[in-house]
Amino acid sequence: MPDNPKSDVGRITKRSEFLAVQRGDRLRGRFFLLEIGNRGDDAAPRVGFTVTRKQGNAVERNRIRRRLREVVRNTGARDMCAGNDYVIVGRREILAASFEDLNAELSSRLRNPRAAKGANSHKAV
RNA sequence: CCAGCCGGCCGGGCGGCCGCGCGGACAACUGCCGAAAGGCGGUUCGCGAGGAAAGUCCGGGCUCCACGGAAGAACGGUGCCGGAUAACAUCCGGCGGGGGAGACCCCAGGGAAAGUGCAACAGAAAGGAUACCGCCACUUUGGUGGCAAGGGUGAAAUGGUGGGGUAAGAGCCCACCGCACGGCCGGCAACGGACGUGGCACGGUAAACCCCACCGGGAGCAAGACCGAAUAGGGGCGGCAUGCGGGGUAACCCGCGGGGCAUAUUCCGGCCCGCCGUCCGGGUAGGUUGCAGGAGGCGGAUGGCAACAUCCGCCCAAGAUGAAUGGCCGCCACGUUCCUGCCUUUUGGCAGGGGCCAUACAGAACCCGGCUUACAGGCCGGCUGGCAAU
């Protein structure tokens with residue numbers, strides 16, 4: 001597991017799971033809004049992506065989602081904590097941003113004390 | 001060579017590394033769970049967006065609902081003729097009208113003697129009549145009579161052009177054109193043609209109501225079918241429990257209590273009452289299916305002007321569901337731009353080198369046939385006009 005962390009990040013696809021994460025911590029950012037929810041177990045972290053219709057047509061929304069997935073695959077997975085669910089709400093600024101900026105942004109958000117705190121406090125009820 | 005018209009096609013290519021979805025294989029390598037069957041991985045192989053996948057505007061397949069058949073009413077749609085098609089508002093071939101020098105392009109193109117309505121403003125007059133300016137004759141100079149050629153108004157003005165004629169004019173007369181009617185000829189038809197007759201009536205508008213002909217039951221893959229937790233609730237069975245007192249064999253009844261509901265609150269009055277196990281049925285979350293072999297694609301032959309049809313051969317080509325087809329790099333093509341050299345009267349062309357961009361519109365969502373809209377750049381074919389050369 002330590003040498004291959006990327007494959008351990010799961011996806012969340014159910015509406016109920018997204019709604020659950022929505023009740024957790026929220027970190028606003030330049031490129032995206034990061035929502036963090038704690039499941040209360042020790043399983044691998046999971047991530048979900050939300051891109052609203054407002055951000056563009058289908059092609060642009062797909063591109064936003066794919067770039068976010070790539071960012072999570074490359075660097076984001078290292079900084080995610082087991083037992084947490086993350087939802088990244090993408091904005092159209094992602095289309096023009098470089099991957100260096102996106103990686104740095106996501107890493108700094110994930111290392112934020114509030115994000116780390118979510119993993120320790122199991123009282124999410 | 002330049003300008004233009006029409007039709008068809010492409011819409012980056014090759015390679016490397018990493019990653020995603022679906023399917024196959026596991027003979028070989030390998031991790032976990034399981035008694036096993038097997039499951040979750042790993043490995044490996046194959047496949048993986050469009051010409052519009054888009055808008056959701058028409059037409060179908062498919063599914064469910066409704067319905068005895070048929071016809072009609074209402075409502076909606078279509079509207080020259082013939083053909084193609086499963087069907088269409090689509091396509092093909094014609095006809096008619098309009099535009100263009102031409103190749104060609106455009107048309108919501110049935111009916112106005114079934115009826116109703118409308119036409120502002122302007123104008124003398126807008127659908128049965130009329131005369132402002134004007135023209136002519138007469139005149140007592142006030143007018144009276146005749147006329148509609150010309151002017152003027154309007155989206156539209158009562159057939160048009162030319163000639164004759166007349167006081168001036170007028171289909172009053174004549175020729176041609178138009179129109180109406182009649183039979184004839186050609187064509188399946190829309191329609192066309194020549195001929196004869198008639199001096200010409202019957203104005204426009206049906207993307208106004210309307211009339212006529214034809215077509216249409218409704219909703220949609222979130223259709224529909226199947227499996228089906230947890231929790232709450234319903235029913236069956238079993239077990240336990242079921243305040244106190246009185247009556248009764250018992251079901252139960254009466255009194256005093258407890259909790260909850262409705263009522264702003266209180267009292268009176270009203271209504272309701274437990275736990276555990278197990279099974280059954282409905283049903284929610286969730287899952288499976290529908291769901292990729294079809295009016296399928298490609299090639300050929302035959303028939304047809306064509307749309308298309310028939311036959312033969314080959315092929316199987318995405319299947320996601322908070323929704324896979326992506327990220328990075330190299331080379332090349334294409335494009336654009338700069339510099340140098342050469343050619344050319346110029347626009348420009350060729351060669352070499354460098355920089356930039358490395359792409360437009362846009363993402364399958366049950367499936368087909370169309371329509372419409374968006375689109376960087378490029379290729380091919382046919383045709384028209386002009387210039388030059390032969």
Side-chain angles (χ1 to χ4, degrees):
Chain A
M1 163 152 66
D3 29 301
N4 197 12
K6 50 190 94 160
S7 60
D8 286 346
V9 178
R11 281 298 287 279
I12 60 184
T13 57
K14 299 282 187 299
R15 175 171 169 77
S16 56
E17 295 167 345
F18 275 89
L19 292 176
V21 176
Q22 228 172 43
R23 288 194 293 269
D25 279 328
R26 306 179 132 202
L27 296 173
R28 214 163 280 282
R30 185 153 54 109
F31 299 125
F32 47 79
L33 167 72
L34 181 64
E35 300 177 329
I36 302 165
N38 184 272
R39 293 195 307 272
D41 58 25
D42 288 332
R46 297 187 302 173
V47 66
F49 304 99
T50 294
V51 184
T52 63
R53 270 185 97 80
K54 230 173 99 179
Q55 306 305 322
N57 61 21
V59 172
E60 290 177 326
R61 294 200 306 273
N62 269 343
R63 178 153 293 272
I64 290 171
R65 188 161 37 238
R66 284 165 178 164
R67 301 196 80 178
L68 281 174
R69 249 186 17 221
E70 193 68 13
V71 170
V72 168
R73 186 170 78 87
N74 286 336
T75 64
R78 261 197 289 284
D79 299 318
M80 289 185 171
C81 299
N84 271 5
D85 279 347
Y86 301 90
V87 169
I88 303 176
V89 181
R91 306 177 57 191
R92 59 176 300 118
E93 281 73 15
I94 289 170
L95 292 172
S98 72
F99 270 84
E100 284 181 11
D101 290 348
L102 289 175
N103 285 335
E105 177 86 1
L106 183 62
S107 284
S108 74
R109 292 294 159 192
L110 288 173
R111 289 189 179 126
N112 184 296
R114 284 174 61 202
K117 185 192 68 182
N120 299 333
S121 67
H122 278 219
K123 298 289 171 273
V125 187

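Below, chain A is the first sequence line, B the second, and so on; all start at residue 1.
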Can you give me the N/O atom pairs linking the protein to nucleotides 328-330 of chain B at distances under 3.5 Å, or say none if there are none?
none

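- Taking the nucleotide of RNA chain B with the nearest heavy atom to each of A:Gly48 and A:Arg69, the more 5' of the two is matched to A:Gly48.
- Contact check for A:Val72 versus A:Phe49: side-chain heavy atoms found under the 4.5 Å cut-off.
- Atom name C1', nucleotides B:U337 and B:C357: the rounded distance is 11 Å, in whole Å.
- Comparing B:G11 with B:A360, their C1' atoms sit 9 Å apart, to the nearest whole Å.
- Taking the side-chain hydrogen bond (donor to acceptor under 3.5 Å, both in side chains) definition, one finds that A:Asn62 meets it with A:Arg65, sequence neighbours left out.
- Base orientation at B:A49 is syn, since its O4'-C1' glycosidic dihedral falls within 90° of 0.
- Evaluation of the salt bridge (charged side-chain N to carboxylate O under 4.0 Å, His left out) rule for A:Arg91 yields A:Glu93 as partners, not counting sequence neighbours.
- Rounded to whole Å, the C1' atom of B:C26 lies 9 Å from the corresponding atom of B:U43.
- Nearest approach of A:Val87 to A:Phe18, heavy atoms of both residues: CG2-CD2, 3.8 Å.
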Next item on the list: Take nucleotides 360-365 of chain B nucleotide by nucleotide from the 5' end and write B, S or -, depending on whether a protein heavy atom sits under 4.0 Å from the base, only from the sugar-phosphate, or from neither.
Entry: --BB--
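- Distance check on atom P: B:G59 versus B:G12 gives 35 Å, rounded to whole Å.
- Going from atom CD1 of A:Ile94 over to atom CG of A:Leu102 covers 6.0 Å, rounded to the nearest 0.5 Å.
- Taking 4.5 Å as the limit, some side-chain heavy atom of A:Leu106 sits within range of a side-chain heavy atom of A:Phe32.
- Between the CZ atom of A:Arg65 and the P atom of B:G19 there is a distance of 22 Å, given to the nearest Å.
- Residue A:Leu68 contributes atom CG, which lies 13 Å from atom C1' of B:G327 at whole-angstrom precision.
- Ion pair A:Glu105/A:Arg109 flagged as a salt bridge, since at least one NZ, NE, NH1 or NH2 atom sits closer than 4.0 Å to an Asp/Glu carboxylate oxygen.
- In this structure, B:C184 forms a base pair with B:G193, meeting either the Watson-Crick or the G-U wobble geometry with both donor-acceptor distances under 3.5 Å.
- Taking atom C1' on both nucleotides, B:A213 is separated from B:G304 by 31 Å, rounded to a whole Å.
- With hydrogens and angles ignored, the 3.5 Å screen pairs no side-chain donor or acceptor of A:Gln55 with any backbone N or O of A:Arg61.
- Rounded to whole Å, atom C1' of B:A323 lies 11 Å from atom CZ of A:Phe18.
- If you take atom C1' in B:G363 and the same atom in B:C81, they sit 45 Å apart, rounded to whole Å.
- Partners of A:Arg30 under the salt bridge (charged side-chain N to carboxylate O under 4.0 Å, His left out) rule, at least two apart in sequence or in another chain, do not exist in this structure.
- Rounded to whole angstrom, the span from the CD atom of A:Glu70 across to the C1' atom of B:C17 amounts to 12 Å.
- The nucleotide B:C138 finds its pairing partner in B:G143, both defining distances of the Watson-Crick or G-U wobble pair being shorter than 3.5 Å.
- Spacing of P atoms, B:C20 relative to B:G41, comes out at 12 Å, to the nearest Å.
- Going from atom CZ of A:Arg53 over to atom C1' of B:G322 covers 14 Å, rounded to whole Å.
- Comparing the P positions of B:A3 and B:U56 gives a spacing of 41 Å, expressed to the nearest Å.
- In this structure, A:Phe49 does not count as stacked on the base of B:G322 under the 5.5 Å centre distance and 30° plane angle limits.
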Checklist line | A:Leu110 and A:Leu34: CA distance, side-chain angles, deciding distance, side chain to side chain contact (heavy atoms under 4.5 Å, CB included) verdict | finding: CA-CA 9 Å; A:Leu110 288 173; A:Leu34 181 64; 3.9 Å; yes
